[in-house]
Each structure stands twice: as structure tokens, then as C-alpha cells.
Amino acid sequence: MSDLTIRLATVDDAPAIARIHNEGIEDRIATFETDPRSAVQVAAGLAEKGDRYPTILGVRDGEVVAWASAGPYRNRPAYAGVAEHSVYVARSARGAGVGRIVLDGLCRAYAERGFWKIVSRIFPENAASLALHERCGFRVVGVYRRHGRLDGEWRDCVIVERLLG
Ligand SMILES: CC(C)(COP(=O)(O)OP(=O)(O)OC[C@H]1O[C@@H](n2cnc3c(N)ncnc32)[C@H](O)[C@@H]1OP(=O)(O)O)[C@@H](O)C(=O)NCCC(=O)NCCS
């Protein structure tokens, strides 16, 4: 996608990030979360993460159409270089290569900050996310069985990782 650019998010991007995140929450295929995120919550999260855990945006024609972000995997010092990420593309922009560009951008940004690994969990039913992560160089580590309940139903999670640097 030639007209897509990526950049780091600022707190001013919180409303766009929340809007895209809430589409993913509504779709019930991306996350165990069921409550919508407010822009205020997203802004607070961006401020707390600071430059150590940046959010990468995909921007097309001046509009934010995707984001990828990460946070600490665990608080123990041994895991300081491991980040756990999420990636969300606006419904209207999916299936056009946007996810691949922002996820690659996230991996570059975190490699530059000295992280050695990025990990995530994906519902087995989320074919688009599994394909995206495979294309971006992630490997499937295994499957957590009955990892949590979404709308009362047990769900498995596929664990993926990519070594950085
Ligand atoms: C998952 C998601 C981020 C993928 O982003 P995207 O921009 O649609 O993906 P891309 O267009 O970059 O596609 C990446 C690869 O996945 C493949 N792919 C995309 N959608 C697919 C689908 N529905 N089924 C199978 N493969 C698919 C593409 O063919 C592409 O592979 P290729 O380069 O070999 O052609 C996007 O669908 C999304 O935001 N979904 C809702 C939120 C979500 O599930 N986030 C992930 C939580 S773990």
C-alpha cells in the first residue's frame, strides 16, 4: 500500500486509536475485552507508556487507519526486553496490507529500543491475525487451552513470538 505512512502516536491520537480498538472489541475475535475503550483511557495509557512502549500508527490520506502497541510482558527484571503487543486495523482498511506495515514498524521500533522479543496471544479463529503474524516472521509457540471466557464461552489462545535484533 504505497500511500500508507507510519508514525509514532501522541496523546492527540487517542480518539482515533480508541475508535479502531472498539471496532475490534465489537468484532469479538480480537480480545477478551468487552467494554469499549474511551479516548481518555487511551490517552492515559499512552502517557504512562511514554517512549519506552510507543504506539505505531498507520496513516492514510491524513486519517489514522491502524495502530500497533505493546506493554511489559511481566514486571520481573529478567523479562525487561520482552514486550506483549496488539495490532488493530480499522474495519474499512483491513485486508489491504496495512496490518503488515504497522506490525513491521512496531517490531523495528521495539528492536531499536533494545527489546529482544515481542509476543502475543491470538484466538485460533482469528485467521487474519494468524496469517498476519506468520507473514511478519512470528512463530507459533503453542496453544493455551481454555485460557479465558468471552461472553461466557471458553476460548483457547495461540501464543506467538518473534525474536528481535
Ligand atoms: C488482524 C488484522 C490486524 C490484520 O490486519 P490487515 O491489515 O487486515 O492484514 P494484512 O492485509 O496486512 O494481511 C496480512 C496477511 O494476512 C493475510 N490475511 C489478511 N486477512 C486474512 C483473512 N481474513 N484470512 C486469511 N488471511 C488473511 C493477508 O493475505 C496477508 O498475507 P499476504 O501478505 O501473504 O497476502 C486486522 O484484520 C484487524 O484489525 N482485525 C481486528 C483486530 C484483531 O483481530 N487484531 C489482532 C488481535 S491478536
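For ligands, and for the atoms within them, numbers begin at 1 and follow the listed sequence. The figures that follow rest on heavy atoms only: side chains count, while hydrogens, waters and symmetry mates do not.
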Subject >> Over-ring placement of R52 relative to F115, 6.0 Å and 45° cut-offs >> reply: yes
Exercise answer: donor-acceptor pairs, residues 149-158 side-chain atoms, under 3.5 Å, sequence neighbours excluded:
residue	atom	partner	partner atom	Å
D151	OD1	R28	NE	3.4
D151	OD2	R28	NE	2.7
R155	NH2	E125	OE1	3.2
D156	OD1	R146	N	2.9

Please produce the table of protein N or O atoms sitting under 3.5 Å from N or O atoms belonging to ligand 1, one pair a line, distance to 0.1 Å.
residue	atom	partner	partner atom	Å
ligand 1	7 (O)	G99	N	2.7
ligand 1	8 (O)	G95	N	2.7
ligand 1	11 (O)	A96	N	3.1
ligand 1	11 (O)	G97	N	2.7
ligand 1	12 (O)	G99	N	3.4
ligand 1	12 (O)	R100	N	3.0
ligand 1	31 (O)	R135	NE	3.1
ligand 1	33 (O)	R100	NH1	2.8
ligand 1	34 (O)	R135	NE	2.4
ligand 1	34 (O)	R135	NH2	3.4
ligand 1	39 (O)	V89	N	2.7
ligand 1	39 (O)	V89	O	3.3
ligand 1	44 (O)	N126	ND2	2.7
ligand 1	45 (N)	V87	O	2.8

Subject >> NZ/NE/NH1/NH2 to OD/OE distance under 4.0 Å, D27 and R94 >> reply: yes
Original post:
Does R7 pair with D13 as a salt bridge, N-O distance under 4.0 Å?
Top reply: yes
Mind listing the side-chain donor-acceptor pairs of residues 136-145 below 3.5 Å, one per line with the distance, residues two or more places apart or on another chain?
residue	atom	partner	partner atom	Å
R139	NE	E161	OE2	2.8
R139	NH2	E161	OE2	2.9

Counting only pairs under 3.5 Å, give me each side-chain donor-acceptor contact of residues 68-80, with atom names and distances, residues two or more places apart or in other chains.
residue	atom	partner	partner atom	Å
S69	OG	K49	NZ	3.0
S69	OG	T55	OG1	2.8

